[in-house]
Amino acid sequence: SAVISQKPSRDICQRGTSLTIQCQVDSQVTMMFWYRQQPGQSLTLIATANQGSEATYESGFVIDKFPISRPNLTFSTLTVSNMSPEDSSIYLCSVNSDEQYFGPGTRLTVT
Amino acid sequence: AQSVTQLDSQVPVFEEAPVELRCNYSSSVSVYLFWYVQYPNQGLQLLLKYLSGSTLVESINGFEAEFNKSQTSFHLRKPSVHISDTAEYFCAVRGHTGNMLTFGGGTRLMVKP
């Protein structure tokens with residue numbers, strides 16, 4: 001199993017600013033995933049982060065907007081850059097251990 | 001590539017009534033199938049999964065889902081729902097050789113007294 005924590009749990013930010021979300025896992029994992037859940041919608045994969053290599057972004061997501069760090073096997077960060085109200089979402093960290101586990105999410109509101 | 005369709009965005013039902021939440025998928029490869037539940041203001045939790053073997057899988061809280069390969073479906077059922085089952089339910093698939101989950105749009109189950 002894997003226990004995932006995220007910081008912050010929620011934030012309200014002004015447009016044009018950036019927010020970095022942290023994800024900590026209680027065990028070493030090779031792959032970490034970042035998902036976005038827009039209001040009233042399903043989860044969309046933003047990118048996959050492997051330790052020691054550049055993150056792989058899904059269609060519609062770019063590194064300049066969502067830079068990701070993966071400094072070790074238990075930690076990752078996702079930055080939402082130059083935010084606009086359309087970035088208001090829940091951002092979830094996920095890992096694939098014996099099954100897929102999800103963090104509690106970071107609820108971001110951009111005003 | 002895979003895709004998942006949850007036909008019902010909302011399902012209102014009275015307490016103790018049966019419920020079925022529908023899930024259909026498409027994929028060019030063999031897949032594993034999952035149902036996740038998201039209770040209000042909480043994170044995603046795995047409800048049940050189909051990896052192989054018996055096509056009928058059950059959760060500890062009375063839900064079950066049946067994998068139907070010919071109909072590419074993985075519908076979730078419960079014979080008698082409780083108020084506490086009110087939540088958002090997501091169907092998801094993952095290819096046998098992949099690591100990425102593809103989610104359906106979600107179904108909001110609303111159990112009324």
Undergrad: Does any backbone or side-chain atom of A/Q41 lie under 4.5 Å from a heavy atom of chain B? Answer side chain, backbone, both or neither.
TA: backbone
Undergrad: Between A/W34 and A/S94, do the side chains contain an N or O donor and an N or O acceptor separated by less than 3.5 Å?
TA: no
Undergrad: Do B/Q38 and A/Q37 meet the criterion of a side-chain donor-acceptor pair at a distance under 3.5 Å?
TA: yes
Undergrad: Which one, B/G106, B/G105, B/G43, leads in non-hydrogen pairs under 4.5 Å with chain A?
TA: B/G105
Undergrad: Apply the ring pair (Phe, Tyr, Trp, His ring centres under 6.0 Å) test between A/Y35 and each candidate in A/F102, A/F66, A/F61; give the one that qualifies.
TA: A/F102
Undergrad: Less than 4.5 Å to any heavy atom of chain B: does that hold for the side chain of A/L43, its backbone, both, or neither?
TA: both
Undergrad: Counting N and O atoms only, with roles assigned by atom type, does the side chain of B/N68 sit under 3.5 Å from a partner on the main chain of B/S70, one being a donor and the other an acceptor?
TA: yes
Undergrad: Are the side chain of A/N72 and the backbone N or O of A/T74 linked by a donor-acceptor pair below 3.5 Å?
TA: yes
Undergrad: Go through the atoms of B/R94 and report whether side chain, backbone, both or neither lie under 4.5 Å from a heavy atom of chain A.
TA: side chain
Undergrad: Which atoms of B/L46 are under 4.5 Å from chain A, going by heavy atoms: the side chain, the backbone, both sets, or neither?
TA: side chain
Undergrad: Between B/Y32 and chain A, which part of the residue has a heavy atom less than 4.5 Å away: side chain, backbone, both or neither?
TA: neither
